[in-house]
Amino acid sequence: METPAGSPDETFARFNQRFQIARREAEIVKSAWAQDRGYTMFHIINAYTRGAQHPELTAGESYRLEKTGGMILDLVKQLFTLTS
């Protein structure tokens, strides 16, 4: 979780593309990240799960963001397992 995320803009862009996050959802995630800026994978994952709580999202959009946060966490865990 303490793994550096590099450029948040690039990291979000890659994950948004990979997990097919819509533009509106991506903007909400970026706004959530701005509330708790950080440059680790923890902050990236947290932005997706925090964004999922946005009141203007539909249940489906919230679910997609929560699921994306979980899938990113799984990727980080897999990467850690491979490098350990």
Side-chain angles (χ1 to χ4, degrees):
M1 294 300 286
E2 297 298 321
T3 303
S7 164
D9 289 334
E10 291 175 20
T11 302
F12 284 122
R14 282 181 282 164
F15 285 136
N16 291 342
Q17 181 178 9
R18 180 176 183 155
F19 296 110
Q20 300 178 341
I21 301 300
R23 175 178 283 162
R24 180 172 100 110
E25 297 163 345
E27 290 170 1
I28 289 171
V29 168
K30 188 71 182 250
S31 176
W33 177 79
Q35 293 175 18
D36 184 24
R37 290 181 187 267
Y39 300 90
T40 66
M41 290 308 297
F42 169 82
H43 294 95
I44 300 297
I45 293 166
N46 191 47
Y48 283 95
T49 57
R50 180 181 293 213
Q53 299 170 23
H54 195 280
E56 293 180 18
L57 292 176
T58 65
E61 291 168 327
S62 291
Y63 175 75
R64 185 175 18 263
L65 293 183
E66 283 285 351
K67 186 174 177 181
T68 298
M71 289 189 290
I72 295 168
L73 178 59
D74 285 342
L75 289 171
V76 171
K77 286 180 180 179
Q78 290 173 15
L79 180 62
F80 180 75
T81 301
L82 293 174
T83 59
S84 295

Asker: Which heavy atom in G38 sits nearest to a heavy atom in P8, and how many Å separate them?
Answerer: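 For G38 versus P8, the nearest heavy atoms are O-CG, 4.5 Å.
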Asker: Please test L57 against R24 for side chain to side chain contact (heavy atoms under 4.5 Å, CB included), starting from the C-alpha separation and ending with a verdict.
Answerer: CA-CA 9 Å; L57 292 176; R24 180 172 100 110; 3.9 Å; yes
Asker: When you measure from the side chain of E25 to the backbone N and O of A22, does any donor-acceptor pair fall under 3.5 Å?
Answerer: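 Side chain of E25 to backbone of A22: a pair is present.
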Asker: Do F15 and I21 come within less than 4.5 Å of each other through their side chains, counting heavy atoms only?
Answerer: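 Contact flag for F15/I21 side chains = no.
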Asker: Flag yes if L75 and I44 sit in one hydrophobic cluster, no otherwise; membership is Ile, Leu, Val, Met, Phe, Trp, Tyr, and two members link when side-chain heavy atoms are under 4.5 Å apart.
Answerer: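 Yes: a chain of side-chain contacts under 4.5 Å links L75 to I44.
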Asker: Ignoring hydrogens and angles, tell me if any N or O in the side chain of W33 forms a donor-acceptor pair with the backbone of I45 under 3.5 Å.
Answerer: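 Not at all, since once roles are kept as given, no pair shorter than 3.5 Å links the two residues.
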Asker: Shortest non-hydrogen contact from F19 to R64?
Answerer: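 Heavy atoms of F19 and R64 come nearest at O-CD, 4.4 Å.
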Asker: Run H54 and E61 through side chain to side chain contact (heavy atoms under 4.5 Å, CB included) and show every step you take.
Answerer: CA-CA 10 Å; H54 195 280; E61 291 168 327; over 6 Å; no
Asker: Nearest heavy-atom pair of A32 and G51: which atoms, and what distance?
Answerer: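 Heavy-atom minimum between the residues: CB-N, 3.7 Å.
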Asker: Could you tell me whether the side chain of R14 and the main chain of E10 form a donor-acceptor pair under 3.5 Å?
Answerer: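 Side chain of R14 to backbone of E10, a donor-acceptor pair under 3.5 Å: yes, one is there.
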Asker: Taking S31 for the side chain and E27 for the main chain, is one N or O donor matched with an acceptor at less than 3.5 Å?
Answerer: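 No.
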Asker: Give the C-alpha distance, both sets of side-chain angles, the deciding distance and a yes or no for side chain to side chain contact (heavy atoms under 4.5 Å, CB included) between Y39 and T11.
Answerer: CA-CA 10 Å; Y39 300 90; T11 302; over 6 Å; no
Asker: Compare all side-chain heavy atoms of R37 with those of H43 and state whether any distance is below 4.5 angstrom.
Answerer: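 Heavy-atom side-chain distance check fails, nothing below 4.5 Å.
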Asker: Would L65 and T49 count as a side chain to side chain contact (heavy atoms under 4.5 Å, CB included) here? Give the steps.
Answerer: CA-CA 6 Å; L65 293 183; T49 57; over 6 Å; no
Asker: Could you check L73, N46, I72 and say which one makes a side-chain contact (heavy atoms from CB on, under 4.5 Å) with M41?
Answerer: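 That would be I72; it is the only one of L73, N46, I72 passing the side-chain contact (heavy atoms from CB on, under 4.5 Å) with M41.
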Asker: Distance-only, no hydrogens or angles: does the N16 side chain make a donor-acceptor pair with backbone N or O of F12 under 3.5 Å?
Answerer: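 A pair under 3.5 Å: yes.
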